[in-house]
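What you see below is based on every heavy atom in this structure, not just the backbone, and it leaves out hydrogens, waters and symmetry mates. Owing to the predicted nature of the structure, the values given are computational and were not obtained by experimental measurement.
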Amino acid sequence: MLRLSHRPPPEEAPPVLSAFDVRTTRPVAEFDARLRSVLAPALRLALSQSYEGGDLPVDGLPAWFVASRRGDSTKLPEPVGEGADRGAVAPGRAPWDLQEWLYQFDPESEFRGWAWWDLTRSGEREARIWVDSWGESFFACDELRWLSYVAGGPDIDGPTLVGAADWVAAVSS
């Protein structure tokens, strides 16, 4: 949770991180705020809830994010509606069910192959999401990709393994 609210110290970085390059529809600061506004309550749920098959509470999630799973993207604000549409047509992926998405954060599950590291800005509408994938170049990350779509990042490349020195040199959002 701490890395979500503060840039981690350089000495804590693993030797390599995985990076996603995202082109955003709005300024990077807005994209960053939307992304973190969803990840923070999802991670709080992971620390506080029992993942035993029942529905997890969604009241801590932003209303725009919950609405993005209700099916009618025409009633959603930009860029959420565009992202929900983009995520729904992602190759090989049916639209996310909100509970299924939340269950990706179950700390006992070994399905999610990444941990949040940071987000940096590489341009007015270009961001780089950094995650710790424990050195793996291929890992489950569709839940992060879908969140990026609905947060205002319709174009996402990655993940690619990148040395930690590149993260240290990057500009914080």
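Around the CD atom of Glu11, the shell of radius 6.0 Å holds more than 12 heavy atoms that belong to other residues, nucleotides or ligands. Atom CD of Glu12 has more than 12 heavy atoms from other residues, nucleotides or ligands within 6.0 Å.
Screening Thr120, Asp21, Asp118 for a side-chain hydrogen bond (donor to acceptor under 3.5 Å, both in side chains) with Arg128, the sole residue that qualifies is Asp21.
Between Leu39 and Phe105 the shortest side-chain heavy-atom distance falls below 4.5 Å. For the pair Phe31 and Thr25, the minimum side-chain heavy-atom distance is 4.5 Å or more. Between Val28 and Leu119 there is a side-chain heavy-atom pair separated by less than 4.5 Å. With a 4.5 Å cut-off on side-chain heavy atoms, Val131 and Phe139 count as touching. Between His6 and Ser172, every side-chain heavy-atom pair lies at or beyond the 4.5 Å cut-off. Side-chain contact check for Trp134 versus Pro14: every heavy-atom pair is 4.5 Å or farther apart. Using a 4.5 Å cut-off on side-chain heavy atoms (C-beta onward), Ile129 and Trp116 make contact. Here the side chains of Trp117 and Arg3 are in contact, with some heavy-atom distance below 4.5 Å.
Between atom CG of residue Leu102 and atom CG of residue Asp55 there is a gap of 9.5 Å, rounded to the nearest 0.5 Å. Taking CD1 of Ile156 as the start and OH of Tyr149 as the end, the distance is 4.5 Å to the nearest 0.5 Å. Taken from CH2 in Trp146 to CD in Glu100, the straight-line distance is 10.0 Å, to the nearest 0.5 Å. For the atom pair Ser148 OG and Glu143 CD, the distance stands at 10.0 Å (nearest 0.5 Å). Going from atom CZ of Arg44 over to atom CG of Leu61 covers 9.0 Å, rounded to the nearest 0.5 Å. Atom-to-atom distance recorded for Leu43:CG and Arg36:CZ is 11.5 Å, nearest 0.5 angstrom.
Taking all atoms of both residues into account, the shortest heavy-atom contact from Gly135 to Leu161 is O-CD1, 3.6 Å. Across every non-hydrogen atom of Val58 and Gln99, the tightest pair is CG1-NE2, 3.6 Å. Shortest non-hydrogen contact noted between Arg34 and Ala151 is CD-O, 3.3 Å. Between Arg7 and Ala170, the shortest heavy-atom distance links the atoms NH2-O, 3.6 Å. Of all heavy-atom pairs between Pro41 and Ser37, the closest is CD-O, 3.1 Å. Residue Pro8 comes nearest to Trp167 through the heavy atom pair O-CH2, 3.1 Å, listed as atom of the first residue, atom of the second, then distance.
In this structure, Phe111 has no ring pair (Phe, Tyr, Trp, His ring centres under 6.0 Å) partners at least two apart in sequence or on a different chain. With sequence neighbours excluded, no residue forms a ring pair (Phe, Tyr, Trp, His ring centres under 6.0 Å) with Phe20.
Using modelled atom types, no side-chain atom of Arg121 and backbone atom of Val171 make a donor-acceptor pair closer than 3.5 Å. Of the possible donor and acceptor atoms, one in the side chain of Tyr103 sits under 3.5 Å from a partner among the backbone N and O of Gly53. Judged purely by atom type and a 3.5 angstrom limit, Arg125 has no side-chain atom pairing as donor or acceptor with the backbone of Thr24.
Both Val150 and Val22 are members of a single hydrophobic cluster when ILVMFWY side chains are connected at heavy-atom separations under 4.5 Å. Under the 4.5 Å side-chain heavy-atom criterion for grouping Ile, Leu, Val, Met, Phe, Trp and Tyr, Val162 is not connected to Leu144 through any hydrophobic cluster.
Using a 4.0 Å cut-off between a side-chain N of Lys or Arg and a carboxylate O of Asp or Glu, Asp157 and Arg23 qualify as a salt bridge.
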